[in-house]
Amino acid sequence: MSIKAMDFSLRINPSICFTQNPPKPSSKLRFLTVRCSLSLTSDDADTGLAERPWKVADARLVLEDGSIWKAKSFGASGTQVGEVVFNTSLTGYQEILTDPSYAGQFVLMTNPHIGNTGVNFDDEESRQCFLAGLVIRSLSITTSNWRCAETLGDYLAERNIMGIYDVDTRAITRRLRQDGSLIGVLSTEQSRSDEELLEMSRSWNIVGIDLISGVTCNAPYEWVDKTKSDWDFNSNGRDQETYRVVAYDFGIKHNILRRLASYGCKITVVPSTWPAAETLKVKPDGVLFSNGPGDPSAVPYAVETVKEILGKVPVFGICMGHQLLGQALGGKTFKMKFGHHGGNHPVCNLRNGRVEISAQNHNYAVDPASLPEGVEVTHVNLNDGSCAGLAYPALNVMSLQYHPEASPGPHDSDCAFREFIELMKSTKQAA
């Protein structure tokens with residue numbers, strides 16, 4: 001039986017509803033009549049044709065531990081597999097989306113409200129989005145920022161990146177902290193069963209996969225852009241001398257290049273497989289080994305390149321570059337339980353006792369106990385005591401496990417670029 005229409009009236013005394021004081025007794029009370037009407041047929045309800053004024057759950061996140069999380073989708077549609085990690089940054093989601101170090105991963109933001117500043121094209125950290133997907137609690141329905149050029153949902157859709165919201169990110173984060181990073185599958189395809197998605201998550205592994213080859217540049221190029229004057233800092237006292245730097249692109253972020261250029265470096269960016277002999281042929285003043293995604297043990301060719309360059313010129317390693325340096329010096333790396341991802345990690349500089357608030361993004365770390373004599377641990381993460389920086393003065397080596405260009409402090413770690421300049425300067429003068 002179909003309900004064609006429903007009509008009812010409600011008589012309201014406005015003086016009772018809209019005043020704090022009750023009205024005095026009167027025989028001439030005025031009433032407001034509100035009439036509501038709804039048209040609905042049971043056929044419409046049965047076939048799902050009745051339009052709802054809200055979005056319903058149309059996506060699933062299936063984790064390898066067997067848990068299934070219903071959610072609402074935004075951005076792209078489809079099915080994608082990746083490693084789920086959580087990021088504790090309060091904002092900066094656009095920098096996270098374009099950080100190549102997140103290749104192969106779903107990033108879960110612990111901050112519940114994401115998207116309120118929209119997206120602008122000045123904050124891109126690379127040429128595209130490399131992460132597998134974005135998981136958030138609440139998607140902002142509006143944007144409020146004078147730099148905003150596009151909404152987060154439109155931005156992801158144009159770049160074919162999946163996103164989900166209205167999911168219990170606190171519960172998933174607790175699970176990741178307890179069990180470690182988990183492989184998951186995001187899907188908006190209702191034709192795929194939960195069992196099929198679970199099998200996908202359990203048959204995929206991120207360990208041992210060379211993810212760097214998918215994010216590096218295809219050919220060498222020159223980088224000339226400096227930090228814009230609106231955002232530049234620590235500009236006093238910089239040398240006028242120019243230093244030639246070769247930067248290995250393992251997934252390099254643009255702000256690393258901007259900061260180096262701001263300190264007077266002439267930079268040539270080369271692919272991850274660029275031969276060490278070709279690098280040394282141009283006689284650089286220094287070599288940078290950049291950040292990048294995945295397992296450092298899965299890229300032995302990069303470790304060999306680092307070994308061939310060590311001792312020839314000063315080197316600076318950041319994140320993946322730090323881990324590759326650790327291996328090249330004879331140390332070992334290991335996979336952390338859930339890694340470090342966020343813009344609020346305290347790091348202690350053991351040389352001067354200063355504490356820096358750092359931005360970090362890595363699932364692997366260098367084992368300091370495996371390092372040979374002469375290699376110095378210069379920084380430690382104060383959350384768990386892990387190695388956050390190395391130096392080997394005999395070979396003019398310095399490295400950091402975190403991102404000195406990201407400026408969450410905001411200027412705490414920028415001095416690392418100054419130190420690299422001083423290392424190149426002193427080596428050049430001694431030659």
Side-chain angles (χ1 to χ4, degrees), residues 95 98-101 122-127 215-217 219-272 274 279-280 282-292 305-306 309 312-322 324-325 356 358-359 361 378-379 389-391 396-428:
E95 290 87 343
T98 53
D99 181 353
S101 296
D122 291 331
D123 292 343
E124 306 280 81
E125 285 288 359
S126 65
R127 65 184 185 276
V215 302
T216 189
C217 59
Y221 64 93
E222 301 297 319
W223 181 273
V224 295
D225 293 341
K226 298 180 180 181
T227 304
K228 291 185 177 180
S229 58
D230 293 347
W231 310 106
D232 198 7
F233 47 82
N234 294 346
S235 58
N236 295 329
R238 291 181 186 162
D239 295 334
Q240 298 301 315
E241 188 174 358
T242 298
Y243 297 91
R244 184 169 181 79
V245 174
V246 173
Y248 273 81
D249 179 11
F250 300 132
I252 198 165
K253 295 170 68 177
H254 288 172
N255 266 339
I256 293 176
L257 299 171
R258 293 189 187 105
R259 295 311 294 152
L260 282 174
S262 296
Y263 273 93
C265 294
K266 183 178 180 182
I267 309 164
T268 302
V269 184
V270 299
S272 61
W274 194 250
T279 295
L280 297 174
V282 301
K283 300 185 185 307
D285 297 307
V287 173
L288 173 82
F289 297 112
S290 82
N291 62 291
T305 299
V306 175
I309 292 175
K312 308 292 196 315
V313 295
V315 298
F316 182 17
I318 296 177
C319 205
M320 171 61 77
H322 160 85
L324 295 175
L325 277 167
E356 305 170 18
S358 68
N361 173 22
T378 58
H379 299 73
L390 295 174
N396 295 317
V397 172
M398 61 177 289
S399 69
L400 294 175
Q401 179 60 86
Y402 53 98
H403 288 269
E405 85 290 344
S407 306
H411 305 161
D412 298 13
S413 305
D414 192 69
C415 58
F417 295 105
R418 175 80 255 169
E419 293 174 17
F420 185 42
I421 297 297
E422 292 296 331
L423 187 60
M424 291 189 289
K425 181 179 180 180
S426 61
T427 303
K428 196 173 183 179

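Just so we're clear, the structure is a prediction, and the values are computed from it rather than from any experiment. Side chains included, hydrogens not; waters and symmetry mates left out as well; all remaining heavy atoms used.
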Do you know which two heavy atoms are closest between [X] and [Y], and how far apart they sit?
X      : Y      : value
His403 : Ile256 : ND1-CD1, 4.4 Å
Met424 : Asp285 : CG-O, 3.4 Å
Pro100 : Lys253 : CD-CG, 4.4 Å
Tyr402 : Ser413 : CE1-OG, 3.3 Å
Tyr248 : Trp274 : OH-O, 3.0 Å
Thr279 : Pro284 : O-CD, 3.2 Å

Is there a side-chain contact between [X] and [Y] (heavy atoms, below 4.5 Å)?
X      : Y      : answer
Val246 : Ile309 : no
Leu257 : Val269 : yes
Val245 : Phe420 : yes
Tyr243 : Leu423 : no
Leu324 : Phe289 : no

Between [X] and [Y], do the side chains contain an N or O donor and an N or O acceptor separated by less than 3.5 Å?
X      : Y      : answer
Tyr221 : Asp249 : no
Thr98  : Glu124 : no
Asp99  : Asn361 : yes

Judged by atom type as modelled, is there a donor-acceptor pair below 3.5 Å linking the side chain of [X] to the main-chain atoms of [Y]?
X      : Y      : result
Ser272 : Phe250 : no
Glu125 : Asn255 : yes
Asn396 : Val313 : no

(message) Using 0.5 Å steps for rounding, measure from the CD1 atom of Ile421 to the CG atom of Leu260.
(response) 6.5 Å
(request) With rounding to the nearest 0.5 Å, note down the distance linking CG in Asp414 to OG in Ser407. (result) 6.0 Å
(message) Please enumerate all residues that pass side chain to side chain contact (heavy atoms under 4.5 Å, CB included) together with Thr227, with sequence neighbours excluded.
(response) Trp231, Asp232, Arg258, Arg259, Ser262
(message) Test of understanding: with side chain to side chain contact (heavy atoms under 4.5 Å, CB included), list the residues that count as partners of Lys312, not counting sequence neighbours.
(response)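 Result, side chain to side chain contact (heavy atoms under 4.5 Å, CB included) vs Lys312: Leu280.
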(message) Among residues at least two apart in sequence or on other chains, which ones pass side-chain hydrogen bond (donor to acceptor under 3.5 Å, both in side chains) with Asp225?
(response) none
(message) Glu405 vs Phe417, test: side chain to side chain contact (heavy atoms under 4.5 Å, CB included). Steps then yes/no.
(response) CA-CA 9 Å; Glu405 85 290 344; Phe417 295 105; 3.9 Å; yes
(request) Check the angle between the aromatic planes of His254 and Trp223 and answer parallel, tilted or perpendicular using the 30° and 60° thresholds. (result)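 Because their plane-to-plane angle lies in the 30° to 60° range, the rings of His254 and Trp223 count as tilted.
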(request) Could you tell me whether Glu241 and Lys425 have a side-chain N and a carboxylate O separated by less than 4.0 Å? (result) no
